[in-house]
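Shown next, in structure tokens, is the structure this report addresses.
Treat the numbers as computed from the prediction; the structure is a model and nothing was measured.
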Amino acid sequence: MNHHKKARKFGREKKVRDGLLKSLALSLIVNGKIKTTDAKAREIRPYTEKLVSQGKLATVASRRALVSKIGVIGAGKIVKDLAPKYAKRAGGYTRITKLPARLSDGSLMAIVEFV
């Protein structure tokens with residue numbers, strides 16, 4: 001039974017799936033906007049929002065936790081750019097906009113961007 005398991009697996013093993021989420025989150029943080037499939041967009045949204053919320057704490061421990069999750073470049077971008085921008089906002093940092101289906105395989109596409 002698959003009760004209480006809401007995370008998508010994407011047909012990948014756990015390590016590969018975690019790497020996929022990390023790379024998508026890093027791309028979103030560095031570029032501010034990415035185009036991906038709808039399922040990946042829905043999985044990346046809570047992941048990145050938790051990272052931004054952790055960056056808003058601005059402690060040494062939270063910065064180290066961010067570095068361990070997405071690397072030095074992503075952690076620096078969150079702490080310096082994104083956290084001050086969303087200091088007074090209590091969540092809801094990202095927006096998912098649906099796009100037409102991809103022609104090659106028909107998968108639903110979406111754009112994930114910071115509000």
Distance (rounded to the nearest 0.5 Å) between [X] [atom1] and [Y] [atom2]:
X	Y	atom1	atom2	answer
Ile44	Ile34	CD1	CD1	4.0 Å
Ile111	Asp38	CD1	CG	12.0 Å
Leu103	Met109	CG	CE	10.5 Å
Glu113	Thr94	CD	OG1	9.5 Å
Thr37	Leu24	OG1	CG	8.0 Å

Results of salt bridge (Lys or Arg N to Asp or Glu O under 4.0 Å) for [X] - residues two or more places apart only:
X	answer
Lys40	none
Arg63	none
Lys5	none

So, [X] side chain and [Y] main chain: donor-acceptor pair closer than 3.5 Å or not?
X	Y	value
Glu43	Leu21	no
Arg45	Thr48	no
Lys35	Val112	no

Discussion item. With a sphere of 6.0 Å drawn around CD1 of Ile73, does it hold more than 12 non-hydrogen atoms of other residues, nucleotides or ligands?
Written reply: no
Worksheet item: Can Val30 be reached from Val79 by stepping across I, L, V, M, F, W or Y side chains whose heavy atoms are under 4.5 Å apart?
Response: no
Discussion item. Hydrophobic cluster membership, with links at side-chain heavy-atom distances under 4.5 Å among I/L/V/M/F/W/Y: are Leu20 and Leu108 in one?
Written reply: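 In one cluster with Leu20: Leu108, no.
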Please give me the minimum heavy-atom distance between [X] and [Y], naming the atom from each residue.
X	Y	value
Ala101	Gly106	CB-O, 3.6 Å
Ala75	Val67	CB-CG2, 3.6 Å
Ile96	Ala110	CG2-CB, 3.9 Å
Arg12	Val16	CD-CG1, 3.9 Å

Discussion item. Between Asp18 and Lys22 (salt bridge meaning N to carboxylate O under 4.0 Å), is one present in this structure?
Written reply: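 The answer is no: the pair does not qualify as a salt bridge.
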Fill in: Salt-bridge criterion met for Asp105 and Arg102 (N-O under 4.0 Å)
yes
Quick one: does [X]'s side chain get under 4.5 Å of [Y]'s, heavy atoms only?
X	Y	answer
Glu13	Arg17	no
Arg8	Arg42	yes
Ile70	Leu51	yes
Gln54	Leu66	yes

Worksheet entry | Listed once per pair and sorted, the ring-ring contact (aromatic ring centres under 6.0 Å, His included) pairs that draw on residues 53-92, sequence neighbours left out |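 ring-ring contact (aromatic ring centres under 6.0 Å, His included) check on residues 53-92 returns Tyr86-Tyr93.
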Worksheet item: Going by the ring-ring contact (aromatic ring centres under 6.0 Å, His included) test, which pairs reach into residues 17-42, not counting sequence neighbours?
Response: none
Discussion item. Determine whether Lys56 and Ile78 satisfy the following criterion, side-chain contact (heavy atoms from CB on, under 4.5 Å), listing intermediate values before the conclusion.
Written reply: CA-CA 8 Å; Lys56 284 170 57 176; Ile78 287 175; over 6 Å; no
Worksheet item: For Phe114, which residues count as a ring-ring contact (aromatic ring centres under 6.0 Å, His included) partner, sequence neighbours excluded?
Response: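 Not a single residue meets the ring-ring contact (aromatic ring centres under 6.0 Å, His included) criterion with Phe114.
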